[in-house]
Amino acid sequence: MSDAVSTARPLAPASHRPAFKWGPVFDHAILIAGAAFMLVPVFLAFMTSTHDAVTIHTGGVQALPGTSLVDNYATVMFDGLGFSGAVNGTTMMLNSMILGLGFAVGKIVLSMMAAYAIVYFRFPLAEFAFWAIFVTLLLPLEVRILPSYEIVQSMGLINTYTGLIVPLVASATGTFFFRQFFKSVPDELIEAARIDGAGPLKFFRDILLPLSRTMIAAIFIIMFVYGWNQYLWPTLITTNEDYFTLVRGIKQIIQVWVGSQIPEYGQAMALAVLAMLPPVIVVVVFQSWFIKGLTESDK
Amino acid sequence: VTEISWWHAMGGALGETVNEIATNFNASQDEVVLTPVFKGTYEEALTAGIAAFRAGEQPNILQVFDAGAATVIGAKGAVKPVQDLLEGAGASFDIEDYISGVRYFYADSDGKMIGMPFNSSAPIMYYNTEALEKAGVEAPKTWEEFEQIAPKLKQAGYIPLVQSHLPWEFTENFFSRHNLPFATNNNGYDGAEGTKLLVNTDGLKMMFAKLAAWKEDGHFEWYGTGWGDNQTPFEQGKVALWVGSSGSFGGLTKSAAMPFGAVPLPYWEAIAGEEGYQTFIGGAALFAMAGKSEEENKATAKFFEYLTSPEVQLMWHKSTGYVPITNAAYERAKQQGYYDEVPQAEIGIQQLNMKAGEWTKGYRMGFYVQIRDVMNREYGKLFTGETTVDEAFKTIEAEGNQLLERFAKTGS
Amino acid sequence: MARLHIDQVSKIYTGTQRAVDTVSIDIDDGEFLVLVGPSGCGKSTLLRMIAGLEAITEGAITIGERVVNDLDPAERDIAMVFQNYALYPHMKVYDNMAYGLRNRGIARDEIDRRVREAATTLELGPLLERKPRELSGGQRQRVAMGRAIVRNPAAFLFDEPLSNLDAKLRSHMRVEIKHLQRSLGITSVYVTHDQLEAMTLADKLVVMNAGKVEQIGAPLDVYERPASTFVASFIGAPAMNLIPFSALGDDGRLGLRDAAVATIGFRPQDVIEVANDNEDGDGLSLRFVVDAVEPVGSESFLHGKVGAERVVVRIDGRAPHREGDRVGIAVPSERLHAFDADGRRLDDWRAPIGTDTAKPKIRAR
Amino acid sequence: MARLHIDQVSKIYTGTQRAVDTVSIDIDDGEFLVLVGPSGCGKSTLLRMIAGLEAITEGAITIGERVVNDLDPAERDIAMVFQNYALYPHMKVYDNMAYGLRNRGIARDEIDRRVREAATTLELGPLLERKPRELSGGQRQRVAMGRAIVRNPAAFLFDEPLSNLDAKLRSHMRVEIKHLQRSLGITSVYVTHDQLEAMTLADKLVVMNAGKVEQIGAPLDVYERPASTFVASFIGAPAMNLIPFSALGDDGRLGLRDAAVATIGFRPQDVIEVANDNEDGDGLSLRFVVDAVEPVGSESFLHGKVGAERVVVRIDGRAPHREGDRVGIAVPSERLHAFDADGRRLDDWRAPIGTDTAKPKIRAR
Amino acid sequence: MDKVRFGHSIVPYLFLLPQMVVVAVFFYLPAGEAVRSSFFLEDPFGFSATFVGLDNYADVLSSAEYRRVASFTVWFTALVAFFALAIALLLAVKADAVLRGAKTYRTLLMWVYAIAPPVAGLLGILLFDQHVGPFVAIASWFGWNLRIGVNYYDTAFAMIATAVWYQVAVNFIFFLSGLQSIPRAVREAALIDCRSGLRRFFTVTLPLLTPTAFFLLVINITYALFDTFGLIDLMTKNEPGNNPVTLVYKVFLDGFRGNDLGGSSAQSVILMIVVFALTVVQFRFMERRVHYA
Ligand SMILES: Nc1ncnc2c1ncn2[C@@H]1O[C@H](COP(=O)(O)OP(=O)(O)OP(=O)(O)O)[C@@H](O)[C@H]1O
Ligand SMILES: Nc1ncnc2c1ncn2[C@@H]1O[C@H](COP(=O)(O)OP(=O)(O)OP(=O)(O)O)[C@@H](O)[C@H]1O
Ligand SMILES: [Mg+2]
Ligand SMILES: [Mg+2]
């Protein structure tokens with residue numbers, strides 16, 4: 001045995017072709033099937049939205065493009081809907097956006113603060129507060145909608161964005177997520193921060209908030225989609241057409257009493273496709289953060 | 001100017017017509033500004049109205065559908081009767097101005113009109129002209145006739161009969177078409193206390209036993225509770241006879257694959273005799289909510305006046321297919337020769353103007369939405385063979401009466 | 001820059017068990033104190049009480065002239081370096097270092113000056129704009145140091161700051177830390193369970209066991225005169241061989257006896273190989289059976305047994321031995337350590353024949 | 001139990017960069033091979049190719065008589081111990097060990113026998129019912145070992161199995177692993193970047209750098225005759241001092257010269273202190289300025305400079321030196337290593353005066 | 001070790017306050033109102049109310065229809081949760097396994113998440129339409145006369161399929177991130193210990209995914225119970241008839257649609273109690289068996 005520098009044995013260069021594996025092919029087949037399962041309905045929705053109402057009414061969903069694409073989309077985007085004629089697809093989208101954003105932001109702010117208090121402070125009511133908030137997971141708004149309406153009304157919040165958004169915020173999902181996440185933040189950071197002279201507020205602002213960015217992104221997506229998709233509450237709580245949202249617009253187009261008219265299916269589908277867009281964009285754009293936020297919170 | 005609001009449940013093209021009426025009204029004068037608001041389905045609109053009323057935020061006008069009428073009328077003090085409203089505003093009101101079938105449906109037991117009928121329709125029978133020709137038959141006037149022609153229609157390759165709303169078309173209107181009592185307490189008009197359904201009775205049971213038998217024979221088909229699910233096969237030309245709404249023809253003109261016509265809802269000669277009675281109206285009425293200022297009530301009355309004017313009624317009738325509610329409007333349509341162009345459009349009105357009887361003015365039952373749900377459920381079970389006619393009506397009667405009883409307690 | 005005074009401090013987490021048990025330590029201004037001991041002995045707990053991250057159950061801690069028991073960590077004028085650095089992951093290196101200063105309301109240009117100065121000292125200059133995740137382990141460690149330095153505190157606290165580094169980097173950073181502390185002259189308390197770190201860094205070494213102080217002293221004093229079997233086995237690598245006195249039997253030939261002696265100890269490098277039957281001089285001579293040979297380059301370790309007791313012997317250079325060899329070994333009397341039944345050091349267990357303890361010398365090969 | 005044959009194996013992850021570059025190694029039956037090298041040099045990649053966890057880009061690997069390139073990991077009859085143990089967190093210790101056997105359809109009582117046997121060997125008996133999270137680091141390590149042992153595979157693969165343990169436990173487990181491997185006689189490949197582990201464990205040592213093999217040989221051969229400056233600086237702690245030949249200037253007094261010599265190296269422990277003006281014997285003599293003194297108990301390290309070059313010197317016992325001292329040092333000629341400009345070892349760079357390379361001896365103090 | 005915490009001062013209360021206020025006003029007040037009104041029979045307009053004690057509860061619990069809805073809810077919830085989890089898990093495992101195109105698949109599979117439930121329901125009814133629905137056509141190739149709205153079980157099938165379709169995306173996202181947080185070395189150890197991929201999955205991957213799976217189970221049960229509301233509303237076309245509905249939908253039917261405040265409040269309270277019990281059970285018994293990696 002000697003100090004051979006790189007002992008290359010005098011052999012013919014090893015030529016070995018890797019064997020073909022069926023496993024990955026099978027995996028891809030399943031994934032493609034899954035993707036089709038998820039996407040075909042959406043594809044059909046889009047194709048259907050390019051047809052006129054009668055075709056859809058008599059022929060159902062359409063797999064091939066029709067001729068009414070521009071018509072349908074232009075109508076829903078720019079033609080006035082409702083009495084004032086002031087609401088069209090664009091303004092409804094704006095309202096949906098306000099609802100989605102307001103809800104997501106409100107939820108994140110409130111639940112993050114609450115979770116911070118619960119996780120990072122030792123105080124007599126912490127446990128109680130957690131359960132008091134957690135219990136709100138148990139009863140969806142639909143089930144307590146009438147009393148909720150009365151309370152919102154008695155506070156004079158009918159036809160306001162506040163009345164639209166705040167009652168939806170009264171549930172624990174966000175708090176729950178943030179609590180899990182905060183528990184996974186290393187203790188040393190808060191210790192280092194305390195030694196660095198950061199009090200509770202500074203720690204929250206300077207350390208925890210920036211650290212939670214991916215988690216915030218994940219929750220933002222979840223909440224934005226949720227808020228964007230609300231229907232029943234906005235219908236009940238607003239009487240002013242200025243507050244129409246896309247989802248409500250869709251419902252209004254489809255809803256026709258006992259078939260005396262054919263619903264504008266094409267327009268409804270066009271609106272539905274439009275209604276999908278912003279959340280889809282949000283999800284697709286933020287998906288890496290989303291996954292990362294969830295992965296980190298699992299640790 | 002006085003601002004008033006109107007919550008309605010008219011989506012789609014109907015909603016647009018509503019908006020048009022409101023716009024026209026606002027343009028026609030400068031004292032009142034009316035704002036219509038779409039509030040979702042009938043149920044959603046009613047609940048929104050109730051919630052708003054409890055909160056003191058109710059609209060001036062609320063559209064309430066047939067099945068919800070008892071809830072609104074039963075709650076004394078929730079609404080201002082139109083009759084009082086109009087009279088209070090100094091407008092003339094004569095119930096006889098309204099066509100016969102719509103007069104008392106939204107009235108109280110004394111015959112005072114509480115809600116203003118708005119979008120009214122009647123169940124009528126549409127026929128596929130090609131199918132009848134092919135089978136060499138005429139559209140039936142009575143169910144007995146139907147039994148005669150059904151095998152021929154079937155032979156011609158058609159499903160002879162389909163309907164779209166069993167509780168409305170074949171239950172409620174069964175009672176009015178044959179002038180039979182639907183419930184005790186004067187069909188419920190005399191108060192909620194003690195009102196009982198009379199559905200578990202021979203006539204109605206016979207009707208459904210027949211339907212079940214026809215279905216067995218392939219003379220009748222049922223596609224579920226959904227209205228459209230039953231209408232579609234007719235539009236596709238697979239069905240010979242379809243019981244729909246008098247308001248359906250507008251849509252049918254666009255979607256039906258074949259020429260079609262309409263006749264009044266058939267009746268059993270064996271029960272009604274030579275001639276059938278008029279039917280209940282379907283659809284909804286406008287109620288003036290209580291608790292509004294005198295000034296706003298005046299404004300509301302003003303709008304109601306406008307709404308019942310022949311021009312507006314005619315416009316509504318033509319563009320939506322709902323019947324005009326005043327005789328004047330009806331006359332005007334006839335004068336204009338509208339029914340020569342569109343003969344089907346007249347069937348509904350004719351039917352509402354048929355002979356009236358003791359039991360044809362309407363019914364008033366609380367929690368009626370749930371009672372309809374029970375009917376729909378039991379009929380569904382019946383046509384899928386999960387239950388029998390006897391069982392089904394026993395259940396409807398029992399559960400319906402329990403609901404009525406519960407409703408009676410809410411009022412005391 | 002301050003003295004630190006720990007006065008009968010105890011910590012009880014729950015129940016009556018003391019994680020730290022009436023510990024008293026004085027640390028002089030500028031002194032480098034190392035707390036060493038096995039896992040769970042209470043080192044971190046004590047350090048965290050000094051830092052203010054843990055409430056003091058009993059006793060008092062004084063930094064400078066102030067009793068700090070009730071002060072917030074930030075008010076104690078200390079800086080701490082954590083095992084996993086605890087850098088703020090979202091802040092650049094610069095901001096990590098500046099954060100503590102900003103919170104103290106120091107002027108911007110003063111902060112800038114201090115951070116850049118520390119960065120120069122620690123050779124972090126080019127890294128100031130990076131995020132912690134873009135740094136290697138050693139670099140992160142230096143940032144953590146930097147964060148402590150810029151504060152110019154009364155005392156540094158270190159909790160196993162090197163244990164996440166690999167061996168090579170560890171020995172390098174060890175030298176750096178010592179160097180820095182010297183040049184800054186800041187009183188430091190350093191926790192480790194690595195005895196090599198403890199030995200090389202400490203001005204004063206505290207060996208802890210189960211919440212109690214076992215020995216306080218200069219590192220070499222502790223090494224040469226361990227106060228207990230626990231310290232003896234903990235300080236020095238490989239560990240001191242400890243043999244029950246009774247097990248020596250007739251194999252050991254010791255001049256004098258003391259009834260209290262229960263254990264005899266000697267370090268692997270104090271052993272000399274002797275011809276099997278050599279009996280000259282006072283001291284211990286034993287028969288040793290080789291189990292395993294570990295050549296490490298410049299020296300070798302023989303693992304084996306004396307009777308039933310495991311013993312390690314160090315040999316310079318390459319060992320010619322192989323498994324199963326029987327070797328005679330001897331330990332000079334003055335290199336032996338004796339402990340009583342409680343494991344406490346006995347000092348006068350034999351008549352003094354000539355106390356030539358370890359004269360430092362450079363030995364020629 | 002089998003031979004392992006690695007034949008011109010390369011790994012390309014992406015592009016053309018070779019993480020492992022045409023490596024060929026033969027490992028005899030029962031041999032303990034250690035792969036050592038700095039972080040990122042491709043050790044793990046090579047090991048994982050042997051295990052089947054990474055596809056082989058070029059070349060072939062043979063275990064026993066079979067080329068395993070296309071075999072699943074489970075079919076290769078190897079067992080692997082991971083750095084962080086990779087225990088199944090949801091299984092008890094017993095099941096962790098039994099899992100691989102169950103999947104191979106071995107009879108229940110045979111599994112039970114083997115697991116209990118391994119548990120006895122590794123002193124895991126009382127822990128069999130625990131979950132991994134209820135174990136200390138050292139215990140987890142032993143479970144990971146147990147999982148490998150019960151399988152009785154053709155080869156053991158270790159990827160830095162000790163790097164998560166503290167120093168003390170590490171040295172203890174080192175001896176255990178060596179012992180076990182010896183008694184089981186199973187061919188092993190062991191990856192580490194700790195040179196001490198590499199030296200003490202290996203039958204055959206492979207030093208890797210940047211995907212290539214730098215040197216293969218017995219550990220002491222590698223230590224004494226490093227094939228390159230890379231190996232020289234990597235093996236041995238503290239590292240060999242390497243000084244550019246040019247920097248020696250008039251300070252170095254070397255008998256013979258070879259034009260190719262670019263770097264001269266010597267280990268810290270090969271240095272002897274000399275009177276400042278001593279010039280006897282051949283070899284190197286230099287002036288050394290002390291920077292820092294590290295006493296470690298049985299020896300001390302002097303850190304300092306020769307000219308501008310950093311040099312470390314080891315001294316037995318306690319060093320009397322202090323910072324700033326100037327010391328004359330010398331290295332005997334036969335203890336010097338020379339390397340050419342490419343860093344490759346030069347063997348005949350001076351006339352042989354007497355080649356008494358490191359006779360192993362036990363030196364009396 | 002316990003989380004290091006700040007001492008107790010006014011600060012935590014300030015942080016907690018906004019959420020507590022919102023929760024108290026918009027959750028506890030209405031929920032309390034629901035409890036109160038469950039003891040009354042009340043005229044919807046609020047003119048009069050009769051105290052009826054536990055009558056509403058008795059009426060609800062003695063109703064055969066309510067029991068039928070309850071048992072459907074149990075089945076529906078179980079099946080939706082099961083299939084939504086199983087399909088998502090399969091897809092996540094595969095997406096995690098493939099090297100090529102993983103990100104594309106991820107994108108394709110997760111964006112359905114963004115679709116509004118009413119839109120999903122709308123697609124559902126069109127696809128399952130009795131006369132023109134493509135799925136009905138496909139089913140008829142297999143000799144299955146799929147009649148949504150007519151046949152109770154067919155409708156249930158369509159509801160479950162649509163609900164599953166909608167929920168798969170969320171589950172997929174969570175499972176994928178769960179898989180990615182399983183230590184790689186553990187999976188590799190299993191690769192060496194076990195040849196069969198399937199067995200490996202069930203003995204190692206799945207147990208290690210249990211924290212995620214547990215969390216998702218809670219989410220999915222909640223989803224199936226509550227969030228399928230809009231979907232059911234659309235698929236039954238607002239006229240449930242003989243079609244299956246869930247308990248929450250029934251609360252809505254009776255309360256919101258039928259204005260039976262007392263009856264639907266009683267149902268809400270029953271639902272609250274059941275869900276609360278369920279949650280306690282989930283936390284008590286299941287979390288204990290969960291393996292945290
Ligand atoms: N927050 C706590 N609650 C209860 N017991 C604790 C807590 N922190 C530490 N302990 C216990 O106190 C004792 C001392 O712990 P400490 O962390 O000080 O040990 P250590 O010497 O730093 O050990 P290591 O070398 O492992 O870091 C241990 O028995 C530990 O279990
Ligand atoms: N999956 C991968 N994809 C791309 N490059 C990789 C991958 N794994 C490793 N590498 C690269 O291959 C080289 C060798 O990595 P390897 O993990 O084998 O090093 P190592 O010697 O084991 O280092 P360490 O001591 O840090 O574990 C490194 O440059 C690394 O960045
Ligand atoms: Mg510690
Ligand atoms: Mg590696």
Side-chain angles (χ1 to χ4, degrees), chain A residues 24 27-28 30-31 34-35 38-39 41 45 59-61 110-111 113-114 116-117 119-123 129 132-133 136-140 142-145 147-148 151 166-167 169-170 175 183 187 190-191 200 225 229 231 247 250-251 272 275-276 279-280 283-284 287 290-291 294-295 298-299, chain E residues 3-6 8 11-12 15-16 18-20 22-23 25-27 29-31 33-34 90-91 94-95 97-98 105 107-119 122-123 126-127 129 132-134 168-169 174 176-178 180-181 222 226 229-230 248 251-252 256 268 272 275-276:
Chain A
D27 290 351
H28 282 281
I30 288 187
L31 284 168
M38 303 306 282
L39 291 179
V61 287
L110 288 195
S111 58
M113 283 167 62
Y116 178 59
V119 174
Y120 281 97
F121 291 87
R122 219 187 298 269
F123 63 105
I133 293 172
T136 60
L137 284 177
L138 304 181
L139 199 68
E142 284 78 12
V143 172
R144 53 185 158 88
I145 198 157
S148 298
I151 284 156
V166 177
V169 174
T175 317
K183 286 193 152 188
D187 279 355
I190 181 178
E191 298 185 342
V225 171
N229 290 337
Y231 163 70
V247 179
I250 295 170
K251 186 101 175 184
M276 276 179 223
V280 167
V283 169
V284 170
Q287 60 169 328
F290 193 14
I291 294 265
L294 297 174
T295 312
D298 270 5
K299 275 183 202 155
Chain E
K3 194 94 195 165
V4 183
R5 296 176 186 203
F6 289 108
H8 142 211
V11 181
F15 271 84
L16 207 50
Q19 170 120 44
M20 287 309 254
V22 169
V23 163
V25 172
F26 296 111
F27 181 85
L29 270 179
E33 170 63 21
L90 176 72
L91 292 173
K94 295 304 175 192
V98 298
Y105 286 126
T107 309
L108 289 181
L109 286 167
M110 68 189 282
W111 72 312
V112 168
Y113 173 61
I115 296 174
V119 177
L122 181 63
L123 284 171
L126 284 174
L127 291 172
D129 187 272
V132 291
V168 161
F174 279 89
L176 191 61
S177 53
Q180 291 179 348
S181 50
T222 318
F226 297 138
F229 169 87
V248 172
V251 172
F252 170 80
F256 194 92
S268 296
M272 273 195 269
V275 177
F276 186 74

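Just so it is clear: chains get the letters A, B, ... in the order the sequence lines come, proteins before strands, and each one is counted from 1.
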Counterpart residues, ring pair (Phe, Tyr, Trp, His ring centres under 6.0 Å), relative to Phe26(E) (two or more places apart) = none
Search all heavy atoms of Ser111(A) against all heavy atoms of Gln19(E) and return the closest pair with its distance.
-> CA-OE1, 3.2 Å
What are the two closest non-hydrogen atoms of Pro41(A) and Leu127(E), and how far apart are they?
-> CB-CD1, 4.0 Å
Max heavy-atom pairs within cutoff under 4.5 Å with chain E, candidates Val225(A), Val61(A), Leu110(A), Leu31(A), goes to Leu31(A)
Phe15(E) CZ to Tyr120(A) OH distance, which is reported to the nearest 0.5 Å = 12.0 Å
List the atom of Val166(A), the atom of Val22(E), and the distance in Å for their closest heavy-atom pair.
-> O-CG1, 3.8 Å
For Ile151(A), is it the side chain, the backbone, both or neither that has a heavy atom under 4.5 Å from a heavy atom of chain E?
-> side chain
Starting at CG of Leu16(E), measure out to CZ of Phe123(A) and round the result to the nearest 0.5 Å.
-> 5.0 Å
Interface residue of largest heavy-atom contact number with chain E, from Pro200(A), Ala272(A), Ala129(A), under 4.5 Å = Pro200(A)
